Amino acid sequence: METSVTPTHCPYCALQCGMNLTPAAGGGVTVSERVDFPVNRGALCGKGRTAPALLSPALRLTEPLVRRDGVLVPASWEEALDRVAEGLTRTRTEHGPDACGVFGGGGLTNEKAYALGKFARVVLGTSQIDYNGRFCMSSAAAAGNKAFGLDRGLPFPMEDIPKTGCVILVGSNLVETMPPALRYFTELKENGGTLIVIDPRRTRTAEQADLHLAPRPGTDLALALGLLHLVVSQGRTDEAYIEERTSGWEETRAAAMAHWPEYVERITGVPVPQLREAVRMFCEPSDAMVLTARGPEQQSKGTDTVSAWINLCLATGRAGRPNSGYGCLTGQGNGQGGREHGQKADQLPGYRKLTDPEARRHVAGVWGVDPDSLPGPGLSAYELLDALGSDIRSLLLMGSNPVVSAPRAAHIQQRLESLDFLAVADVVLSETAALADVVLPVTQWAEETGTTTNLEGRVLLRRQAVTPPDGVRSDLYVLHQLAARAGVEKGFPVDPEEVFEELRRASAGGIADYSGITYRRLAEENGVFWPCPAQEHDDQSQGAVHPGSPRLFLDRFATEDGRARFAPVTYRPIAEEPDAEYPVLLTTGRVVAQYQSGAQTRRVDELNAAAPGPFVELHPRLAARLGAGEGDAIAVVSRRGRAVAPARITTSIRPDTVFMPFHWPGEGRANTLTNPALDPTSRMPEFKACAVRLEVAVRE
């Protein structure tokens, strides 16, 4: 008897590693290598290998829950959906459409993200929709749009990384956040290229570097400006490229020249000789790349910081050329696609602007509604969560856990608790779902078919491999049923391929054009890079299809004049500098065995054994001043709250900085401490730097 094998993709990070799933004899599925998928070539991290564990009914939701007498109890789907519909309708009737909020997630498939945005704007008529991807790469997106006229995480495939001469990796610990990606940097070095890692901690990634720069958290902008100053002063700019392919250089050069090396050393703590060495390593080869991640992006000046790194690429002619360029290492599984098709506060499908009359006309035409009926832009993610219980009275939340993941998390938990009505659709009973009035158990990666878009802009097909438990339904089913209860009988199909076909039409002509992509192509070609417009068939094309766009900007940038735009930026400090009361800087991040808020990975025994709980990483000198030893309970206190976790003493971190991973709830919740100060452009909160004080905790 032949055993069926389903080729699909990992449910976790934006690599979207390929894997094969095979039914196991005792039930469930087993994971095996899928060497034909070019991104990971069979390699998987521990999270990917153990992903099927969460398919067990014992670890996930299998029936709807409704709150009765303050307690969540099982209910039928009919009752649960009726309650959600009644809660949202009551809010709209009593307070207006914008009193209904919708919050999505960067792990939702493109089909779900598209349908959720459409549901918010067509069924609820609300402007108040955003998603947790705002907390991921929104600063890089804003800077990329400014510079290039288009935001795609990487404008080239991962396979180009080993072919370049030097990579500056800014604020990424990819050895722990996306381990299969390490091979590209190993191959880079084997090919004679060099790796510069910029991180306040000597992470496992920094240990791979030829040069590690350890700036003070929140000073990446000064560092980039200092490097550009040296590029100019050493005559390393590519003047012909600047003249032919860019605009705005004079103002940008003047801004950079105000950041001389000794000044930058005082701000960042990075010695001038290291700055000079970084410039030499970056400029000597003919090709080079800068890749950023959450370190420089999750700041209240994240957009300017990324712009400064893009300026470095443009000034040296390292963008829009083979094996060179700027790229963002997107974090969440569908963080790229999730922001392209309508669950972001200011966007319509195809990465269209909600304020663009032509964009509104096109999408409204696909949806069969009056363009004037579409609401305008709403609040960004943190601002939306902060408005809960006041301006926003009811919330439908899908695929996110802000009780753990949002900055100033204790405050956001209070806002969620103050709502008139909260409905959560999720795979597990997350800390946020536990606060809900109704919890809807929905399908997950291996139980459904749908598309995601990885960090390269490669649209992929995740295939259903197993049948979900009897009491579980898809998010598309939820939206279909809620729309029907609101009197919208058509336009919200349950079949994901039918949704994708509409998404293709809605995205046609937009920046993120998927109109030439089909499920069949995705299956046959191992994914297709957007933009991929549908091509008109004529006598000459004879039915030819667009091949997709693995490499962008080689001929022109996506701006009106085809030129990349420099951004004249200057350094400014973090929103909350240390002082006498809070003298230490806190930065946050991830560990290899857990993922995001941990709602799923914390349920897997193997992963919990590897990373059982939070910790406070601090330098021995700081520990000595505190009188703390390894494993002692350390209280980290900010202006927003207090978190307690065991000390992990190491010389791999700066003496003025402590680090906490953010995967856990409870007393060790790192995001109790973090600062919601927002970037003025991207509306990204400042997760990566805030002032704290430390105390040796006394446990009762």
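Just so you know, these numbers come straight off a predicted model, no measurement behind them. Only heavy atoms go into these numbers, but all of them, side chains included; no hydrogens, no water, no symmetry mates.
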Find out whether [X] and [Y] are in side-chain contact, i.e. whether some heavy atom of one side chain is under 4.5 Å from a heavy atom of the other.
{"X": "V279", "Y": "R236", "answer": "yes"}
{"X": "S300", "Y": "L678", "answer": "no"}
{"X": "L154", "Y": "T330", "answer": "no"}

Going by atom types alone, do [X] and [Y] pair a side-chain donor with an acceptor below 3.5 Å?
{"X": "S127", "Y": "D98", "result": "yes"}
{"X": "D210", "Y": "T194", "result": "no"}
{"X": "H619", "Y": "D656", "result": "no"}
{"X": "T601", "Y": "Q594", "result": "yes"}
{"X": "T252", "Y": "N311", "result": "no"}

Salt bridge present between [X] and [Y] (N-O < 4.0 angstrom):
{"X": "E383", "Y": "R134", "value": "no"}
{"X": "E176", "Y": "R590", "value": "no"}
{"X": "D238", "Y": "R318", "value": "no"}
{"X": "E667", "Y": "R669", "value": "no"}
{"X": "D199", "Y": "R204", "value": "no"}
{"X": "E630", "Y": "R648", "value": "no"}
{"X": "R602", "Y": "E431", "value": "yes"}
{"X": "R572", "Y": "D304", "value": "yes"}

### Message
E277 vs L211, test: side-chain contact (heavy atoms from CB on, under 4.5 Å). Steps then yes/no.
### Response
CA-CA 8 Å; E277 178 63 5; L211 176 64; 4.0 Å; yes
### Query
Under 6.0 Å from the six-membered ring centre of F566 and within 45° of its axis: does the NZ or CZ of R253 meet both?
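No; the conditions do not both hold, so R253 does not lie above the ring face of F566.
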### Query
Excluding sequence neighbours, so at least two apart, what forms salt bridge (charged side-chain N to carboxylate O under 4.0 Å, His left out) with E686?
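Per chain and number, E686 pairs via salt bridge (charged side-chain N to carboxylate O under 4.0 Å, His left out) with no residue.
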Could you tell me the separation between the [atom1] atom of [X] and the [atom2] atom of [Y], rounded to the nearest 0.5 Å?
{"X": "L329", "Y": "R294", "atom1": "CG", "atom2": "CZ", "result": "7.0 Å"}
{"X": "T657", "Y": "L622", "atom1": "OG1", "atom2": "CG", "result": "9.0 Å"}
{"X": "S638", "Y": "N675", "atom1": "OG", "atom2": "CG", "result": "8.0 Å"}
{"X": "Y351", "Y": "E340", "atom1": "OH", "atom2": "CD", "result": "7.0 Å"}
{"X": "Q299", "Y": "D679", "atom1": "CD", "atom2": "CG", "result": "9.5 Å"}
{"X": "L314", "Y": "F148", "atom1": "CG", "atom2": "CZ", "result": "5.5 Å"}

### Task
Apply side-chain hydrogen bond (donor to acceptor under 3.5 Å, both in side chains) to S430 and T432, showing your working.
CA-CA 5 Å; S430 69; T432 304; 4.5 Å; no
Is the backbone N or O of [Y] less than 3.5 Å from a side-chain atom of [X], with the two atoms forming a donor-acceptor pair by type?
{"X": "R415", "Y": "L385", "result": "no"}
{"X": "R339", "Y": "G335", "result": "yes"}
{"X": "N145", "Y": "D151", "result": "yes"}
{"X": "D346", "Y": "L354", "result": "no"}
{"X": "R640", "Y": "L673", "result": "yes"}
{"X": "T219", "Y": "R216", "result": "yes"}

#### Entry: Audit row: S380, D130, side-chain hydrogen bond (donor to acceptor under 3.5 Å, both in side chains) steps and yes/no
CA-CA 6 Å; S380 70; D130 211 83; over 6 Å; no
### Residue pair F687, N671: steps toward the side-chain contact (heavy atoms from CB on, under 4.5 Å) verdict
CA-CA 8 Å; F687 287 99; N671 277 320; 3.4 Å; yes
### Task
Kindly determine whether F103 and I129 satisfy side-chain contact (heavy atoms from CB on, under 4.5 Å), including the steps that lead there.
CA-CA 6 Å; F103 201 84; I129 174 172; over 6 Å; no
### Message
Could you walk me through whether S405 and S597 satisfy the side-chain hydrogen bond (donor to acceptor under 3.5 Å, both in side chains) test, starting with their C-alpha distance in whole Å, then the side-chain angles of each, then the deciding distance to 0.1 Å, before giving a yes or no?
### Response
CA-CA 5 Å; S405 63; S597 75; 5.7 Å; no
### Message
Run L169 and T292 through side-chain contact (heavy atoms from CB on, under 4.5 Å) and show every step you take.
### Response
CA-CA 6 Å; L169 187 63; T292 67; over 6 Å; no
### Query
Going through the distances and angles, do N401 and Q596 end up as a side-chain hydrogen bond (donor to acceptor under 3.5 Å, both in side chains)?
CA-CA 9 Å; N401 188 19; Q596 303 300 75; over 6 Å; no
Compile the donor-acceptor pairs under 3.5 Å between side chains in residues 256-264 and protein atoms, sequence neighbours left out, one pair per line.
unit_1	atom_1	unit_2	atom_2	d
H259	ND1	A255	O	2.9
H259	NE2	Y571	N	3.1

